[in-house]
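This chain uses plain numbering: 1 for the first residue, then up along the sequence. In listed order, ligands and their atoms are each counted from 1.
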Amino acid sequence: MKVTFLGTGTSQGVPIIACDCAVCQSVDTSDKRLRSSVLIDVDGVRFTIDAGPDFRQQMLREEVRDLDAILLTHEHKDHVGGLDDVRAFNYVLNRPMDIYAQQRVLDHLKVEFSYVFSEKPYPGVPQMALRSISHEPFTVKGVTVVPILVRHFRLPVTAFRINDFSYITDANFISDEEKQKLVGSKILVVNALRREEHISHFTLAQALALIAEVKPEVAYLTHISHQLGRHADVQQELPSNVFLAYDGLIVRC
Ligand SMILES: [Zn+2]
Ligand SMILES: [Zn+2]
Ligand SMILES: [Zn+2]
C-alpha cells in the first residue's frame, strides 16, 4: 500500500493569499501546502481521501491517470471544492466517479453541485455516482475501508482506516469507542492546525497526545496552518516517530 500526500495545508492553504508572515514567505518547498488530501494505492486500486480546491493541480502533479473512487471526510469546501474536475476522469475512463461519504455529506453535494444532479443536466457536466456509507466497514473494489467517527466542533467527520493506515483530518474530538478502531495502526495521520487552541481542530499538543495514546509506529501531522511555524523549525521539536507531512510525501505500509 502506497500513500501520497497530495496536500497538507489548512483550508486556505499555505501560503495564504496576501500574507507576509515568515511561513507564507518561506522559500522552503515544505512550507508550500495545498489543501489536505491523500492518494491511496492498494494493489492498484486507487482512491483519494477528499477532493479540495487543489484537486486538479494535485492530479496533474502526481500524474494520476486513473482513479477508482473518492472518499469524502466531510462537506467543507476545502475537502470537496475540486469535485467538478472529476470530469477529466469521466472522459478518460468513460464512467461516473464513485464518491463515498456519509449521506449528510452526499446531500450537501446535491446542493453545492446542483447542476450535476439536475434532471436535464447541461452537456459535459461531471458525472458522480454517490455511494452512501454508514459507520460499518465497506469495500472499494475489494479494498476494505473502516470509517471512524470523529468530531470537528459539532460536525461529525469521517476518518478512515485502510489496513494499518489511519487518516484523521478536521477533528478535535474522538470518543474512546472510536479510538479503539485506531489501535494497531502502524501509520497514523492526524490534523494539527497550530499551537493555540482552536474550536474545531486539534492543536499540536492535542495531536501529540492522541499519538501517544494510540501508539502507532509512525505518525504524520497534516491540515497545517501558517500559524504552526516553518516546517524545518517545527520538525525539530517533534518526538522521533512523529513527522510533519509535506506535499508530495510518499509513505508505504
Ligand atoms: Zn479542512
Ligand atoms: Zn502567513
Ligand atoms: Zn472542515
Q: Would you mind telling me which of His79, His198, His223, His76 makes a ring pair (Phe, Tyr, Trp, His ring centres under 6.0 Å) with His152?
A: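 Single ring pair (Phe, Tyr, Trp, His ring centres under 6.0 Å) partner of His152 among His79, His198, His223, His76: His76.
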
Q: Write the atom name of the N, O or S atom in His152 that is nearest the Zn ion (ligand 3).
A: NE2

Q: Heavy atoms only: give me the nearest Ala207-Asn191 pair and the separation to one decimal.
A: CB-O, 3.7 Å

Q: If we ignore hydrogens and angles and just use 3.5 Å, is the side chain of Gln206 paired with the main-chain N or O of Thr203 as donor and acceptor?
A: yes

Q: Could you check which N/O/S atom of His76 is closest to the Zn ion (ligand 3)?
A: ND1

Q: Which atom name does Asp78 have for its N/O/S atom nearest to the Zn ion (ligand 1)?
A: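 Asp78's closest N, O or S atom to the Zn ion (ligand 1) is named OD2.
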
Q: Between OD2 of Asp170 and NE2 of His79, what angle is found at the Zn ion (ligand 1), rounded to 10 degrees?
A: 90°

Q: Quick check for you: with the Zn ion (ligand 2) as the vertex, what angle do SG of Cys21 and SG of Cys24 span, to 10°?
A: 110°

Q: Among the N/O/S atoms of His223, select the one at the shortest distance from the Zn ion (ligand 1) and name it.
A: NE2

Q: How is the N/O/S atom of His226 that comes nearest to the Zn ion (ligand 2) named?
A: ND1

Q: Provide the closest heavy-atom pair for Val23 versus His226 in the form atom of the first, atom of the second, distance.
A: CG2-O, 3.4 Å

Q: Would you mind reporting whether Tyr122 and Tyr115 have side-chain heavy atoms less than 4.5 Å apart?
A: no

Q: Return yes if some donor-acceptor pair links the side-chain N/O of Arg56 with the main-chain N/O of Leu83 below 3.5 Å, else return no.
A: no

